[in-house]
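This one's a predicted model, so the numbers in the text were calculated from it and none came from an experiment.
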Amino acid sequence: MTTPPPHDPLAAGARAIVATLRAAGYSALWAGGAVRDRLLERTPKDYDVTTDADPDEVAALFSRSVPVGAQFGITRVIHAGHEYEVARFRAEGPREDALHRDFTINGLLYDPVEERIIDHVGGAADLAARRLRACGPDPEGRFQEDALRVLRGVRFAAQLDLTIEERTWEAMRGHARRALETSAERQRDELARMLTGPAPARAFALLDALDLGAALLPE
């Protein structure tokens with residue numbers, strides 16, 4: 001991994017959570033946006049830990065924890081005054097977990113003990129090429145699992161100045177209207193992040209290209 005950001009107050013706690021889980025015999029790694037941001041030499045706003053421990057097992061290891069999505073295997077752990085999301089693998093093992101994430105740039109894993117990136121999805125190469133690509137061999141499947149990923153794709157492409165890979169874009173177009181069937185709260189959150197991001201104009205241009213601009217922002 002490249003040199004980490006000089007001021008990263010959350011990293012020590014994320015590392016300690018992984019160490020605690022491993023000492024108890026579980027697998028644990030950093031996952032998602034924090035790994036991506038550190039590769040970009042940006043300070044992560046949060047850290048997610050992925051593990052094979054279930055929420056009850058996580059709660060037993062940490063005195064301050066809150067199950068925020070137990071049905072999805074998610075626990076929020078409070079460590080040294082900061083909150084960290086600890087999630088059970090989405091599929092069997094780290095590799096399958098990565099393949100079921102939305103985009104390859106978010107499918108990167110990091111071992112903070114051995115200090116090495118684990119990249120099952122080609123996320124590092126896509127990040128270097130400034131390319132947004134859905135995880136796995138079938139982009140359709142990623143958006144079929146969760147159509148809100150269409151809006152997430154727009155947000156990431158705009159915020160990080162990425163070109164959307166052709167098959168991923170076609171899948172986004174095919175599932176664009178289904179994104180409107182997701183909860184209003186989730187749509188609102190994505191739009192708020194687009195508005196407050198560094199490139200809202202590009203985000204809205206992409207929404208218009210997906211024929212979603214008027215539906216999401218009728219005003």
Engineer: Establish whether Val18 and Phe89 are linked, either directly or via other cluster members, by ILVMFWY side-chain heavy-atom contacts under 4.5 Å.
Structural biologist: no
Engineer: Using modelled atom types and a 3.5 Å cut-off, is there a donor and acceptor pairing between side-chain atoms of Thr168 and backbone atoms of Ala134?
Structural biologist: yes
Engineer: Output yes when Asp54 and Arg88 qualify as a salt bridge under the 4.0 Å nitrogen-oxygen rule, no when they do not.
Structural biologist: no
Engineer: Do Leu21 and Leu61 come close enough that some side-chain heavy atom pair is under 4.5 Å?
Structural biologist: yes
Engineer: So Arg167 and Glu170, salt bridge (charged side-chain N to carboxylate O under 4.0 Å, His left out) or not? Walk me through it.
Structural biologist: CA-CA 5 Å; Arg167 292 180 66 234; Glu170 289 304 314; over 6 Å; no
Engineer: Ignoring hydrogens, what is the shortest heavy-atom contact between Ile74 and Ala87? Give both atom names and the distance.
Structural biologist: CG1-CB, 4.1 Å
Engineer: For Arg95, enumerate each residue passing the salt bridge (Lys or Arg N to Asp or Glu O under 4.0 Å) test, keeping only those at least two apart in sequence or located in another chain.
Structural biologist: none
Engineer: Which pairs pass salt bridge (charged side-chain N to carboxylate O under 4.0 Å, His left out) with one or both residues in residues 193-206, sequence neighbours excluded?
Structural biologist: Glu190-Arg193
Engineer: Any salt bridge between Arg186 and Asp146, counting N to O under 4.0 Å?
Structural biologist: yes
Engineer: By the salt bridge (charged side-chain N to carboxylate O under 4.0 Å, His left out) test, which pairs, at least two apart or in different chains, include something from residues 120-131?
Structural biologist: Asp126-Arg131, Asp126-Arg133
Engineer: Counting only N and O atoms by type, is there a donor-acceptor contact under 3.5 Å from the side chain of Asp37 to the main-chain atoms of Thr43?
Structural biologist: no
Engineer: Return yes when atom CZ of Arg76 has more than 12 non-hydrogen atoms of other residues, nucleotides or ligands closer than 6.0 Å, and no otherwise.
Structural biologist: no
Engineer: Could you check if a side-chain atom of Leu180 sits within less than 4.5 angstrom of a side-chain atom of Leu212, using non-hydrogen atoms only?
Structural biologist: yes
Engineer: Is any side-chain heavy atom of Asp211 closer than 4.5 Å to one of Arg177?
Structural biologist: yes
Engineer: To the closest 0.5 Å, what do you measure between CG (Leu132) and CZ (Phe156)?
Structural biologist: 8.0 Å
Engineer: Within the structure provided, determine whether Gln159 and Pro198 are in side-chain contact (heavy-atom separation under 4.5 Å).
Structural biologist: yes
Engineer: Within the distance-only criterion (no hydrogens, no angle test), does the side chain of Glu114 pair as donor or acceptor with the backbone N or O of Arg116 below 3.5 angstrom?
Structural biologist: no
Engineer: Minimum heavy-atom separation for Gln187 to Ala179, with atom names?
Structural biologist: NE2-O, 3.4 Å
Engineer: About how many Å separate CG of Leu127 and CG of Leu160, when rounded to the nearest 0.5 Å?
Structural biologist: 7.5 Å
Engineer: Got a second to check how far Tyr110's OH is from Ile118's CD1, nearest 0.5 Å?
Structural biologist: 10.0 Å
Engineer: Report the C-alpha separation of Tyr84 and Leu10 in whole Å, then their side-chain angles, then the decisive distance to 0.1 Å, and conclude whether the side-chain contact (heavy atoms from CB on, under 4.5 Å) test is met.
Structural biologist: CA-CA 9 Å; Tyr84 300 87; Leu10 301 178; 3.9 Å; yes
Engineer: Kindly write out the residues that satisfy side chain to side chain contact (heavy atoms under 4.5 Å, CB included) with Glu185, not counting sequence neighbours, or none if the list is empty.
Structural biologist: Ser183, Arg188
Engineer: With hydrophobic residues grouped by side-chain heavy-atom distances under 4.5 Å, do Val113 and Ile17 end up in a single group?
Structural biologist: yes
Engineer: Can a side-chain donor-acceptor contact be found between Glu140 and His175 if the only test is distance below 3.5 angstrom?
Structural biologist: yes
Engineer: Does Gln144 form a side-chain contact (heavy atoms from CB on, under 4.5 Å) with Asp138? I'd like the steps, not just the answer.
Structural biologist: CA-CA 10 Å; Gln144 187 66 45; Asp138 177 24; over 6 Å; no
Engineer: Is it possible for you to say whether Leu162 and Val121 belong to one hydrophobic cluster, with membership spreading through side-chain heavy-atom contacts below 4.5 Å?
Structural biologist: no
Engineer: Do Val154 and Phe204 come close enough that some side-chain heavy atom pair is under 4.5 Å?
Structural biologist: no
Engineer: Nearest 0.5 Å, please: how far is CG in Asp97 from OG1 in Thr50?
Structural biologist: 4.0 Å
Engineer: Do Leu109 and Ile117 come close enough that some side-chain heavy atom pair is under 4.5 Å?
Structural biologist: no
Engineer: Please report the shortest heavy-atom distance between Gly153 and Phe103, naming the atom on each side.
Structural biologist: CA-CZ, 3.5 Å
Engineer: At their closest point, which heavy atom of Arg152 faces which heavy atom of Asn106, and how far apart are they?
Structural biologist: NH2-ND2, 3.9 Å
Engineer: Apply side-chain contact (heavy atoms from CB on, under 4.5 Å) to the pair Leu206 and Trp169, showing each step before the final yes or no.
Structural biologist: CA-CA 10 Å; Leu206 288 170; Trp169 176 250; 4.1 Å; yes
Engineer: Tell me whether Arg64 at atom CZ has more than 12 heavy atoms from other residues, nucleotides or ligands lying less than 6.0 Å away.
Structural biologist: no
Engineer: State which residues pass salt bridge (Lys or Arg N to Asp or Glu O under 4.0 Å) with Arg22; sequence neighbours excluded, sorted by chain then number.
Structural biologist: Asp111
Engineer: Would you say the side-chain atoms of Tyr47 and Asp8 include a donor-acceptor pair closer than 3.5 Å?
Structural biologist: yes
Engineer: Does Val35 share a hydrophobic cluster with Leu99, counting links as ILVMFWY side-chain heavy atoms below 4.5 Å and allowing steps through other members?
Structural biologist: no
Engineer: Report the C-alpha separation of Phe143 and Val150 in whole Å, then their side-chain angles, then the decisive distance to 0.1 Å, and conclude whether the side-chain contact (heavy atoms from CB on, under 4.5 Å) test is met.
Structural biologist: CA-CA 7 Å; Phe143 298 101; Val150 173; 3.8 Å; yes
Engineer: Taking the side chain from Trp30 and the backbone from Pro112, do they hold a donor-acceptor pair closer than 3.5 Å?
Structural biologist: no
Engineer: Is there side-chain contact between Val66 and Val77, with at least one heavy-atom pair below 4.5 Å?
Structural biologist: no
Engineer: Same hydrophobic cluster for Ile105 and Leu29, using side-chain heavy-atom links shorter than 4.5 Å among ILVMFWY?
Structural biologist: no
Engineer: Provide the closest heavy-atom pair for Gly13 versus His79 in the form atom of the first, atom of the second, distance.
Structural biologist: CA-ND1, 3.7 Å
Engineer: Compare every heavy atom of Ala14 with every heavy atom of Val49, then report the nearest pair and how far apart it is.
Structural biologist: CG2-O, 4.4 Å
Engineer: Rounded to the nearest 0.5 Å, how far does CD of Glu85 lie from OG1 of Thr75?
Structural biologist: 9.0 Å
Engineer: Return the set of residues passing salt bridge (Lys or Arg N to Asp or Glu O under 4.0 Å) with Glu145 (not counting sequence neighbours), or none when no residue passes.
Structural biologist: Arg142, Arg149
Engineer: Starting at CG of Asp161, measure out to OG1 of Thr163 and round the result to the nearest 0.5 Å.
Structural biologist: 7.0 Å
